[in-house]
Amino acid sequence: KSQENINSRLALVMKSGKFTLGYKTCLKTLRSGKAKLVIISNNCPPVRKSEIEYYAMLAKTGVHHYSGNNVDLGTACGKYYRVCVLAITD
C-alpha cells in the first residue's frame, strides 16, 4: 500500500519537474539548501548512502529509504534508466 502511495507521489513530483536525479546533482541541491526530501534506493552503495545522509543532516533535510532497488526507483520516476538518488526541491 505505502509503495503504491510513494510511486503515485513520485509521479506527481515528476510532473511538476521540481526534482533532481542522480548523486552529483543531489549533492549540489543539498549543498545549496534547496532539497526538501532525498530518496535513496535500497541498493545504493553504503559510502554514498552515508555521505548523502550526512549532507541531508547538515541541510536539515529528510531522507527516505526507497524500498525498491535503483531500477525500481527509475521506473517509478518514469525514466528508462537506473536512479540511485533523487532529491525533491519543492
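Residues take their numbers from the sequence shown, with the count starting at 1.
Shown are L73, V85, L86; of these, the side-chain contact (heavy atoms from CB on, under 4.5 Å) with L21 is made only by L86. The only member of N7, N42, D72 that meets side chain to side chain donor-acceptor pair (under 3.5 Å) when paired with Y66 is N7.
The hydrophobic cluster containing Y55 also contains Y23, counting ILVMFWY residues as joined when their side-chain heavy atoms lie under 4.5 angstrom apart, directly or transitively. Hydrophobic clustering, with ILVMFWY side chains joined whenever heavy atoms are under 4.5 angstrom apart, keeps L30 apart from I88. Residues M14 and Y81 are members of one and the same hydrophobic cluster, defined by side-chain heavy-atom contacts under 4.5 angstrom among Ile, Leu, Val, Met, Phe, Trp and Tyr.
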_Would I6 and H64 count as a side chain to side chain contact (heavy atoms under 4.5 Å, CB included) here? Give the steps._
CA-CA 10 Å; I6 288 160; H64 175 76; 3.5 Å; yes

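What you find for K49 and S41 is that their closest heavy atoms are CE-O, 4.1 Å. Of all non-hydrogen atoms in L37 and V63, the two that sit nearest each other are CD1-N, 4.2 Å. Among all heavy-atom pairs drawn from L27 and E51, the shortest one is CD1-OE2, 3.9 Å. Heavy-atom minimum distance, A87 versus C26: N-SG, 3.3 Å.
The side-chain hydrogen bond (donor to acceptor under 3.5 Å, both in side chains) test applied to N70 returns N43, not counting sequence neighbours.
Interatomic distance, CD1 of I52 versus CE of M57, reported as 14.0 Å (0.5 Å rounding). Interatomic distance, OG1 of T89 versus NZ of K36, reported as 7.0 Å (0.5 Å rounding).
Heavy atoms from other residues, nucleotides or ligands lying under 6.0 Å from CZ of R31 number more than 12.
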